Participant: 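Before I ask anything, here is the structure I am working with.
Treat the numbers as computed from the prediction; the structure is a model and nothing was measured. Quick note: numbers below take in every heavy atom, side chains included, and nothing from hydrogens, waters or symmetry partners. Every chain is numbered from 1 and lettered A, B, ... according to where its sequence line falls, protein lines coming before strand lines.
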There are 2 protein chains.
Amino acid sequence: MHPTFQSHDHSHCAGDNLARAEALMTERGARLTPVRKRVLEILLEAHRALGAYDVLQRLATEGFGNQPPVAYRALDFLVEQGLAHRIQRLNAFTACMHVGESHAPAFLICRKCDTVAEAPVAPVRAALEATAEGLGFALERASIEAIGLCPNCREAA
Amino acid sequence: MHPTFQSHDHSHCAGDNLARAEALMTERGARLTPVRKRVLEILLEAHRALGAYDVLQRLATEGFGNQPPVAYRALDFLVEQGLAHRIQRLNAFTACMHVGESHAPAFLICRKCDTVAEAPVAPVRAALEATAEGLGFALERASIEAIGLCPNCREAA
DNA sequence: GGTAACTTGTTACGATATAACATGTCAAGA
DNA sequence: TCTTGACATGTTATATCGTAACAAGTTACC
Ligand SMILES: [Zn+2]
Ligand SMILES: [Zn+2]
Ligand SMILES: [Zn+2]
Ligand SMILES: [Zn+2]
């Protein structure tokens with residue numbers, strides 16, 4: 001089973017990812033400022049996708065700005081740096097669970113409990129790349145988002 | 001090369017798809033009313049993804065309602081019936097080019113000319129299905145959307 | 001310390017989407 | 001034929017998501 005779907009020490013996995021994110025930012029000379037860091041923490045604590053306005057609301061109660069650009073800028077930064085991903089289907093954002101590793105993920109979204117898992121799908125990507133190339137299409141980026149039931153909700157049903 | 005990317009008699013390919021759509025609706029006892037049919041035609045004439053408000057604007061100049069629900073309801077109907085697809089990345093809609101055939105498409109979106117091609121990607125789906133099953137996730141639907149350069153724009157660059 | 005690049009805050013607005021209710025259409029079945 | 005219920009459309013109002021533009025503060029570097 002995918003780790004996201006198992007019960008686990010979440011504060012530990014979040015802290016782990018946060019540490020890796022900070023190291024990576026230092027290495028790149030990019031600045032993980034307080035807002036950005038806090039947004040990343042918020043995402044890491046959630047284990048599901050959060051809308052920009054959800055994030056904003058939490059920021060506002062903590063003394064940061066309370067206008068949309070505050071959230072969107074931090075989120076955009078995290079996405080650019082590969083520390084977070086955007087889930088198109090949900091107009092929402094989720095923390096990357098594989099920081100640093102070169103990865104081309106797919107997202108498995110549970111329609112019951114809203115959990116989002118980041119699954120490594122290198123073979124799927126390869127197949128897509130092959131198809132595109134066969135059609136003369138120069139593939140640059142692709143988003144793969146699946147809807148269904150996570151193992152827990154599946155069992156409950 | 002994928003047919004979408006070739007120059008072709010577009011009015012013919014549109015008329016063809018429209019005829020198949022009407023036949024399918026009759027067969028199902030679903031009603032392809034004037035608004036719905038017109039929206040489908042608009043999408044078929046475009047060969048690219050159109051936003052709901054783009055569609056709405058054209059409807060309004062033709063004597064249909066000019067409020068958002070008019071467009072959204074027709075578009076939702078077409079998507080439910082498999083006559084159109086929603087492109088998540090673009091918040092836009094495109095006519096299905098393979099009406100009736102059971103198909104699980106991926107969309108190849110040219111970031112230069114905005115053309116959208118519907119590519120059959122059964123192997124890609126199969127790989128994704130296998131991955132999901134391996135993780136205990138019950139996959140129901142998935143959207144696969146690729147960004148890149150179509151053959152024409154690729155050559156021009 | 002001066003300066004340029006970057007970051008944050010704020011105002012204002014644009015774009016996308018839906019809830020709720022009124023009205024109109026159509027096809028059975030009484 | 002007339003009623004009636006299901007479906008479709010029109011309309012108002014509002015919710016949700018996202019960005020342009022500018023002002024003010026901070027940081028890195030010479
Ligand atoms: Zn990731
Ligand atoms: Zn679930
Ligand atoms: Zn299709
Ligand atoms: Zn192109």
Participant: Report the residues that fulfil side chain to side chain contact (heavy atoms under 4.5 Å, CB included) with A/Asn91, sequence neighbours left out, ordered by chain and then residue number.
Facilitator: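 With neighbours one apart ignored, the set is empty.
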Participant: Give the table of side-chain donor-acceptor pairs shorter than 3.5 Å for residues 144-151 of chain A, with sequence neighbours excluded, one pair per line with atom names and distance.
Facilitator:
residue	atom	partner	partner atom	Å
A/Glu145	OE1	A/Arg89	N	2.9
A/Glu145	OE2	A/Gln88	N	2.8

Participant: Please list, one pair per line, the donor and acceptor atoms closer than 3.5 Å that link side chains of residues 69-87 of chain A to other protein atoms, with sequence neighbours excluded.
Facilitator:
residue	atom	partner	partner atom	Å
A/Gln81	OE1	A/Arg28	NH1	2.8
A/His85	NE2	A/His103	NE2	3.2
A/His85	NE2	A/Glu118	OE2	3.0

Participant: Checking A/Arg20 against A/Glu27 for the salt bridge (Lys or Arg N to Asp or Glu O under 4.0 Å) test, could you report, in this order, the C-alpha distance in whole Å, the side-chain angles of both residues, the deciding distance, and whether it holds?
Facilitator: CA-CA 11 Å; A/Arg20 268 187 299 208; A/Glu27 183 187 322; over 6 Å; no
Participant: Are any non-hydrogen side-chain atoms of B/Arg36 and B/Arg31 less than 4.5 angstrom apart?
Facilitator: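 Answer yes - side chains close enough.
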Participant: Heavy atoms under 4.0 Å is the rule here; annotate nucleotides 7-19 of chain C 5' to 3' with B where the base is hit, S where only the sugar-phosphate is, and - elsewhere.
Facilitator: SBBBB----BBBB
Participant: Decide yes or no for A/Leu40 and A/Asn17: does some side-chain heavy atom of the first lie under 4.5 Å from some side-chain heavy atom of the second?
Facilitator: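 A side-chain contact is absent here, since even the closest heavy-atom pair is not under 4.5 Å.
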Participant: Could you tell me from which nucleotide to which nucleotide of DNA chain D, 5' to 3', there is an atom under 4.0 Å from chain B heavy atoms?
Facilitator: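 The protein-touched segment is D/dA8 to D/dT12.
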Participant: For A/Arg154, check side-chain hydrogen bond (donor to acceptor under 3.5 Å, both in side chains) against everything at least two apart and list the hits.
Facilitator: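 So A/Arg154 forms a side-chain hydrogen bond (donor to acceptor under 3.5 Å, both in side chains) with B/Glu133.
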